[in-house]
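Along the sequence shown, residues are numbered consecutively beginning with 1.
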Amino acid sequence: MNYTRFAPILFPFAFLVAGPGCGDEAVPVDGPEDASTVVSDGSLRPIDGGVSPEDGRAPSPDAARPDGSASRGSLEILSGNTATGFVDGRGTEARFSGPSGGVVLPDRSAIVVADTFNGVLRRIDLATMDVTTVAGKVQVLSTSDGIGTAARFQSPRAMAVAPDGSAIYLADGPTVRKVALPSYTVTTVAGTAGQPGYADGTGPTVRMGFLLHALEISADGKLLFVADRSNKSLRTVTLATGAVATVAGAPYTGANQHVDGAGGAARFSGVGGITRVDNTLYVADTFNHVLRAVDLTTFAVTTIAGVAGTAGLTDGAGVGARFSSPQGLVAKNGALYSTSFDGVLRKVALPSFEVTTILGDADDARPVDGTGAAARLGTAFAQPMADPSLNVLYYQDRSASSVRRIDLAALSVNTLAGSKDPEGSIDGAMADARFVSPDGLAANADGSVVLVSDSVTHTIRRIDTVAKTVATYAGELGTEGANDGPVKDARFFEPTGLVWDTTKNRVYVADSGNHLVRAIDVATSTVSTVLGVAGSAGTADGAVADARIAGPVALSLDPAAQILYVAESAPDAVVAGGRAAIRALDLTARTVRTVAGGAPTTPPVDGPAASARFTSLRGLAFDSVAKRLIVAEGSRAILRSIDVATGTVSLLAGKDNEKGPADGAFGTARFSSPVGLTFAAGDNALFVADSGSHTIRRLDLGSKTVSTWLGNPSVNGGIAPGTVMPFERSSLYFPGAPTVAGPNLLVASEHAIYLARPTDAIRK
């Protein structure tokens, strides 16, 4: 099964190239760095007063806070794991967000990591594996010099350490910064914050590219080599004076160029990893798919492995080998080691330039610890780090936001710090189970059983919160299909939305890739198709046998009327003109009608059903109190209402294409990217997964107000399994499907299912 194509979901390429300022809209806040944790058993019990401190654990986050006020609730992981976050702790308890640079200190006391999207520097103590934040402030992305946590970083990335260990040099946006050790005093050496460009020289006139991909230092520690990817050139910084000079390559526009030659006559395309061996600097020329060598006496550039413009992963010697966008490069024990987005580690012997793939699988770029063929590497953007005395590399795994240790003799991979094995399709105990991409959630009446759709693996998983186990309930891992029958024989194709009809004990599934709506009879454990023909997308209404559907993504049920509502979202390639519509399936009469919508329009159009139009449908909920449907238009950042009796579509909350977040009255509230909805009739409230703001928002439908119920739009990231966080200090990472489970709320986020226990129980 190929997981590679899903890695950019968590780390969009724009972030990798241009930095978090292009995608993260962080504002200064006090982060969760002081959050205490307690161990939880993960059960879906009602709020019970919390944990007593007498048992040796930290006080419950449900208990009173120091200021005397009560916490609003607690958040923990029910099952699965996270990859991304901001948590200081020991080893795999810690969380990072897109580490893109690091160095091993010469005395081997620690690794210092540029935690890029968190905007801080973190220290991993190699004796204790404790991770601490040593400079910057979490997700406060700006540039200012200072000591330790008083300093600020915009986009910390590539790093190099002085030979004597007295300082670290850091690429931070279009600047090079010096971090003096052991005080972590940060000063700017070259470049101007917020002003990328291209100009050699000294002082304020110097301009460097925003993406300085890699740094390397001369043997005497006086000269810093800079891979200026933005300017397609290799540059130097004289550390004593801050003077910047271009020594090979030059900026250009247009198609990729590959020219061997001396100094300014050479041409690169995407200067990537660099590493020095004696008087030669080796360069990963990323977008030319080759490795180059630069003679540091003459600055003559030659190609040593791969063929320019020809991507591949073929082993061989020199031009007989092929590379696919090599990113990182490090020298160790007479060889070069190359990494890329493909999740493989390749060895280049010196001086023969014989290339051998030694770890990873390009068809399965997940982070999985193990030895030899059992190990897997996630995507790599930054340089691997070489241990100064051991035959070991440290791999910055972007898929897991972790630092992993590779023993080059044993070819074993172990997670040193950050998330361990965050994604996969693993059954077993809730604490050990793993998910790839949980999309839909549905729970029975008391929350003792939860079903999870995993679109990537084409399966429906079952969580038993009493037995605390996870099992693959329906479908087969990695196998697409549309078979009905017993759950063990049934097959799905990218299942997404789920809804549980507790009155009939049936679970309906939006089988998106098959263009079907399926039903699972929980009592008999059988799957049947209730709407559509597999592989036949369409828009026809009428009797179920004749009706067709296109790209169902979300479901909601009116149990009293036995009407199943379906949100469709399909591009023009699937159905002519595209599709963004709400359909109603009468489960008793077995008929289908279009409630509203049709071909997508921008902007969306309110009004009578016949003329109303949508742009991007993501979430759907039936409001049984007001007898209306509520739909989430993710890309337009609005919630809309459909009167079931009249079919009239109107704006409910937010403002079209005006993104927030902002709380308040429906008319003044703003959303970022609402994707998942669930309705609590007893509270007359709607819970919204506002993915882009990393929060769960609550709409009080009586008072017509919006509030942020869970999460922090200024600090995003998941928490580690086995910890409990008070709502006030909890954070999420692109949350998706929410569902009410007993008195609590379940939320799918990243590779985990979260359990949110509010102090005031939800009344379903």
Chi angles and distances behind the side chain to side chain donor-acceptor pair (under 3.5 Å) call for Ser233, Asn231: CA-CA 5 Å; Ser233 59; Asn231 287 310; 5.3 Å; no

CA sep, side-chain torsions, deciding dist, call: Thr143, Arg152, side chain to side chain donor-acceptor pair (under 3.5 Å): CA-CA 5 Å; Thr143 306; Arg152 296 292 180 266; over 6 Å; no

Derivation and outcome, side chain to side chain contact (heavy atoms under 4.5 Å, CB included), residues Ile124 and Phe96: CA-CA 12 Å; Ile124 306 170; Phe96 302 85; 4.2 Å; yes

Derivation of the side chain to side chain contact (heavy atoms under 4.5 Å, CB included) call for Leu416 and Leu126: CA-CA 9 Å; Leu416 194 71; Leu126 285 173; 4.0 Å; yes

Evaluation steps, side chain to side chain contact (heavy atoms under 4.5 Å, CB included), between Tyr252 and Ser269: CA-CA 9 Å; Tyr252 61 86; Ser269 178; 3.6 Å; yes

Working for side chain to side chain contact (heavy atoms under 4.5 Å, CB included), residues Ile719 and Thr82: CA-CA 7 Å; Ile719 62 177; Thr82 56; 5.7 Å; no

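Closest approach of Gln154 to Phe210, counting heavy atoms only: NE2-CE1, 3.5 Å. Nearest heavy atoms, Val113 versus Met159: C-SD, 4.1 Å. The shortest non-hydrogen separation linking Pro196 to Pro174 is CA-CB, 3.7 Å. The two residues Ala293 and Thr280 make their nearest non-hydrogen contact at CB-CG2, 4.0 Å. When all heavy atoms of Ala380 and Phe341 are compared, the closest pair comes out as O-CD2, 3.6 Å. In plain terms, the two heavy atoms of Ile638 and Pro674 that are nearest each other are O-CG, 3.9 Å.
The side chain to side chain contact (heavy atoms under 4.5 Å, CB included) test with Ser155 singles out one residue from Leu212, Thr175, Asp172, Leu141, and that residue is Asp172.
Asp145 and Thr188 form a side-chain donor-acceptor contact under 3.5 Å, judged by distance and modelled atom types alone. Using modelled atom types, one finds no donor on one side chain facing an acceptor on the other under 3.5 Å when comparing Thr286 with Ser325. Looking at Asp220 and Ser218, their side chains do bring a donor and an acceptor atom within 3.5 Å of each other. Judged purely by distance below 3.5 Å, without hydrogens or angles, the side chains of Arg95 and Thr84 never pair a donor atom with an acceptor atom.
Using a 4.5 Å cut-off on side-chain heavy atoms (C-beta onward), Phe86 and Thr133 make contact. Under the 4.5 Å side-chain criterion, counting only non-hydrogen atoms from C-beta, Leu377 is in contact with Arg404. Side-chain contact between Tyr184 and Val186 is absent, with no heavy atoms from C-beta onward closer than 4.5 Å. Side-chain contact between Leu105 and Val161 is present, with at least one heavy-atom pair separated by less than 4.5 Å. Taking 4.5 Å as the limit, some side-chain heavy atom of Ser401 sits within range of a side-chain heavy atom of Pro99. In this structure, the side chains of Ser340 and Ser324 stay at 4.5 Å or more apart for every pair of heavy atoms. Here the side chains of Val413 and Tyr395 are not in contact, with every heavy-atom distance at 4.5 Å or above. Residues Phe734 and Glu750 fail the side-chain proximity criterion, which asks for heavy atoms closer than 4.5 Å.
At least one donor-acceptor pair closer than 3.5 Å links the side chain of Asp295 to the backbone N or O of Thr297. When atom types are taken as modelled, the side chain of Arg72 and the backbone of Trp709 share a donor-acceptor pair closer than 3.5 angstrom. Of the possible donor and acceptor atoms, one in the side chain of Asp115 sits under 3.5 Å from a partner among the backbone N and O of Ser97. Side-chain N or O atoms of Gln383 include one that pairs as donor or acceptor with a backbone N or O of Ile274 at under 3.5 Å. Ser230 places a side-chain N or O within 3.5 Å of a backbone atom of Leu211 that can act as its donor or acceptor partner. Asn716 places no side-chain N or O within 3.5 Å of a backbone atom of Ser693 that could act as its donor or acceptor partner. Judged by distance alone, with hydrogens and angles left aside, the side-chain atoms of Asp690 form no donor-acceptor pair with the main-chain N or O of Phe671 at under 3.5 Å. Of the possible donor and acceptor atoms, one in the side chain of Ser616 sits under 3.5 Å from a partner among the backbone N and O of Ser635. Remark: the backbone N or O of Gly378 is paired with a side-chain donor or acceptor of Asp397 at under 3.5 angstrom. His751 places no side-chain N or O within 3.5 Å of a backbone atom of Asp421 that could act as its donor or acceptor partner.
Classification of the His213-Phe381 ring pair by plane angle, with boundaries at 30° and 60°, yields perpendicular.
A salt bridge links Arg235 to Asp200: one of the charged nitrogens lies within less than 4.0 Å of a carboxylate oxygen. Note on Asp663 versus Arg697: salt bridge recorded, some NZ/NE/NH1/NH2 to OD/OE distance being below 4.0 Å.
For the pair Arg276 and Phe225, the cation-pi test (distance below 6.0 Å, angle within 45°) is failed. Remark: Lys332 fails to qualify as a cation-pi partner of Tyr337 under the 6.0 Å distance and 45° angle criteria applied to the six-membered ring.
Thr246 OG1 to Lys232 NZ: the interatomic distance, rounded to the nearest 0.5 Å, is 13.5 Å.
In Lys659, the NZ atom is crowded: over 12 heavy atoms of neighbouring residues, nucleotides or ligands sit closer than 6.0 Å.
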